[in-house]
Amino acid sequence: MMRTHRCGDLRPEHAGREVTLCGWVHSRRDHGGVTFIDLRDTAGIVQVVFSVDIDAGAHAAAQGLRSEYCVQVVGRVRERPAGTVNERIPTGAVEVAASSLRVLSEAETPPFQIDSPHEVDESLRLRYRYLDLRRARLQDNLRLRHAIIAAIRRFFDAEGFVEVETPMLMRATPEGARDYLVPSRLHPGCFYALPQSPQTFKQLLMVAGLDRYYQIARCMRDEDLRADRQPEFTQLDVEMSFVDVEDVLDVTERCFKYVWREVMGVELGPFLRLPYAESVERFGTDKPDVRFGVELQDLGPVFAASEAKVLRSALEDGGAVKAITLPGRGSASRKELDALVDEAKRLGAGGLVWAAVTQEGLRCPLERHLGEDEKRALVQRAGASEGDLVLIVADRSRARVDKVLGALRTRLAERYGLIPETDPSDPAHWRFVWIVDFPWFEYNEDAGRWDFSHHPFTGVVEETLDNLESDPGKVLSKAYDITLNGWELASGSIRIHDRELQKRVFAALGISSDEAEERFGFLLDAFRYGVPPHGGIAPGIDRIVALAAGETNIREVIAFPKTQSAQDLMTGAPSPVDAEQLEVLHLRTTVPLEETEA
RNA sequence: GCCCCUGUGGAGCAGCCAGGAGUGCUCAUCUCCCUGUCAAGGAGAAGGUCGCCGGUUCAAAUCCGGUCAGGGGCGCCA
């Protein structure tokens with residue numbers, strides 16, 4: 001037996017007992033005749049004392065210890081002398097008086113300090129991920145991740161769901177995100193794709209009569225990375241039969257509440273519900289952060305007949321003029337304001353009109369072009385008062401106005417500290433919002449056509465189908481998202497279970513019936529044999545854990561994540577492969593070997 | 001593909017705007033001292049091609065151009 005206890009578990013009740021501990025030298029304080037070692041293992045840290053008075057041999061041996069040595073210590077637990085208790089660690093009332101020391105393995109000086117809370121360069125952390133994972137932050141995050149996933153499994157088990165694994169090697173799908181492809185050795189020129197999601201498989205499990213399925217499923221998408229996007233990520237994949245929208249929302253909401261209650265100790269209230277159109281209108285996005293106001297205000301009525309041509313012409317072209325009001329920023333310098341204009345332009349706006357409400361009146365680049373009534377109406381409609389700054393965006397595309405203001409809203413709220421500082425134990429810290437009533441199509445301005453907003457299996461609200469020809473934007477889908485504090489956490493829908501409707505949707509997507517047969521024939525075939533109405537949802541585990549952990553990047557809750565350029569700095573993936581490996585896969589690369597980017 | 005930020009002994013920073021000797025701080029490392037620390041303390045030492053390439057200049061960490069790496073974002077992500 002290498003150890004009798006774990007370092008972090010020792011308490012005053014263990015006093016007097018001889019224990020054997022294993023762990024890493026977290027830090028060392030050498031006072032000459034007495035040397036303290038903070039010994040760290042998976043459970044925590046405990047102070048070990050080496051002293052000439054306790055055991056001269058062990059004390060001498062401890063002189064050779066260095067940070068991150070992996071050691072075994074035998075000693076007697078004792079309560080610390082009065083006045084030397086460390087209140088900041090759970091084991092702080094005790095210490096281990098060491099009688100023997102065995103170095104299990106020595107350690108070179110690490111490239112960064114494990115015991116320091118300092119931020120360390122990301123690339124260094126990723127290259128030495130196994131050392132970064134020793135640090136408290138990632139240890140805590142991985143444990144939290146485990147606790148959340150364990151709670152999820154308990155919840156769905158109790159609800160009668162069956163966890164089923166679906167294939168990792170599947171058929172490529174040209175639409176949607178780019179696939180990661182896997183060449184087939186046995187079928188020259190053919191490829192598997194790694195799943196972007198188990199979408200079709202879970203629908204087939206419903207056809208199969210599983211009734212209620214879930215899976216902690218790894219998904220891969222070959223798209224560019226973001227703080228909340230890795231090339232491979234984990235979804236809680238859920239599908240249910242004989243359900244409509246409300247049933248899925250109910251079980252999902254209860255799942256989140258269960259997890260927050262069990263893991264976070266927080267009793268969440270009912271989730272807010274926002275129709276997609278309202279969310280975009282008020283917050284400029286379909287993933288609104290509703291922890292603060294600064295909502296978008298429509299100034300259209302103010303400027304319909306304005307002398308200010310930039311504003312009026314946007315409206316005349318069928319666009320919009322909207323604004324957000326930043327409380328107390330009216331004193332912003334010209335330099336700051338110019339920077340805001342640049343920022344808006346980078347986000348895609350033609351420009352940005354700012355208007356500061358001051359004691360003397362409106363300070364605004366368009367001031368000369370605005371009548372007194374207009375100014376008053378502007379301030380009033382923007383909900384501004386003295387000292388506030390109104391940021392106005394006008395564009396012939398209403399969608400662009402919403403997008404730019406929505407992005408500015410969240411950025412500036414962060415920058416100017418407009419998001420209330422709440423405690424994670426406070427339910428108000430977690431503003432879950434259901435986004436419902438998504439449009440089935442969205443207008444593609446560049447291509448001048450209507451595109452599907454979702455995957456081609458998404459159900460439609462039948463009553464809105466009449467608008468299909470007249471006003472496609474009014475056709476609503478049976479899709480729904482969960483957002484939390486500005487992050488999209490989950491996305492789902494009731495699916496089409498009618499074979500003919502499914503074929504019509506493929507046709508509407510521009511997929512010919514031959515093509516549909518070729519690519520999704522298995523699904524259409526399955527739909528010949530009695531399909532239950534079904535639907536589901538897929539919450540992103542990485543994002544859930546990141547938010548729960550208070551992290552702003554999902555790398556912090558993934559054991560071995562990739563860089564923004566999709567590389568693993570520790571293993572060096574992706575890498576070139578041997579010519580022989582390509583050979584058996586019937587592959588040849590168009591990239592000359594010397595240009596291969598490792 | 002595009003925009004922005006960052007890159008300075010092993011780690012974290014300052015220095016850069018306004019060019020003048022690799023200057024400074026905290027931690028780590030090495031040697032020595034030290035019996036109650038927990039950010040231990042004290043004395044000393046070692047450690048750098050200022051990411052890389054080029055340009056401007058009498059002179060570049062500092063200014064300019066390019067490039068690489070990491071990060072944030074736009075596009076992309078049905």
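Below, chains carry the letters A, B, ... as their sequence lines are ordered, and counting in each starts from 1. Here the structure is a predicted model, which is why all the values come from computation and not from measurement.
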Verify stack between A/His31 ring and B/G36 base, 5.5 Å, 30 degrees: no
Quiz item: A/Asp224 side-chain donor-acceptor pair to B/G75 base, under 3.5 Å: yes
hbond_proxy A/Arg226 side chain to B/G75 base (donor-acceptor, 3.5 Å cutoff): yes
OP1 or OP2 of B/G72 under 4.0 Å from side-chain N/O of A/Arg411: no
A/Ser565 side-chain N/O to B/G70 phosphate OP1/OP2 under 4.0 Å: yes
B/C2 OP1/OP2 closer than 4.0 Å to side-chain N/O of A/Lys345: no
Basic-acidic side-chain contact under 4.0 Å: A/Asp121, A/Arg125: no
Close side-chain approach of A/Arg495 and A/Gln199, heavy atoms under 4.5 Å: yes
Salt-bridge present (A/Arg66, A/Glu106; N to O < 4.0 Å): no
Got a list of side-chain donor-acceptor pairs under 3.5 Å for residues 340-347 of chain A, not counting sequence neighbours?
{"unit_1": "A/Glu343", "atom_1": "OE1", "unit_2": "A/Arg415", "atom_2": "NH1", "d": "3.1"}
{"unit_1": "A/Glu343", "atom_1": "OE1", "unit_2": "A/Arg415", "atom_2": "NH2", "d": "3.4"}
{"unit_1": "A/Glu343", "atom_1": "OE2", "unit_2": "A/Arg411", "atom_2": "NH1", "d": "3.3"}
{"unit_1": "A/Glu343", "atom_1": "OE2", "unit_2": "A/Arg415", "atom_2": "NH2", "d": "2.6"}

Side-chain (A/Tyr480) to main-chain (A/Ser493) donor-acceptor, under 3.5 angstrom: yes
salt_bridge(A/Glu551, A/Arg543) N-O dist < 4.0 Å: no
Which nucleotide in B/G75, B/G70, B/C76 has an atom nearest any side-chain atom of A/Glu223: B/C76
Over-ring placement of A/Arg555 relative to A/Phe560, 6.0 Å and 45° cut-offs: no
Side-chain donor/acceptor of A/Glu119 to base of B/G71, under 3.5 Å: no
Dump every N/O contact between nucleotides 28-31 of chain B and the protein below 3.5 Å, one line per pair.
{"unit_1": "B/A28", "atom_1": "O4'", "unit_2": "A/Gln113", "atom_2": "OE1", "d": "3.2"}
{"unit_1": "B/C30", "atom_1": "OP1", "unit_2": "A/Arg66", "atom_2": "NE", "d": "2.8"}

Whole angstrom value for the distance that separates P of B/C34 from CZ of A/Phe36: 16 Å
Quiz item: A/Arg229 side-chain donor-acceptor pair to B/C77 base, under 3.5 Å: yes
A/Leu569 CG to B/C68 P, straight-line distance once rounded to whole Å: 16 Å
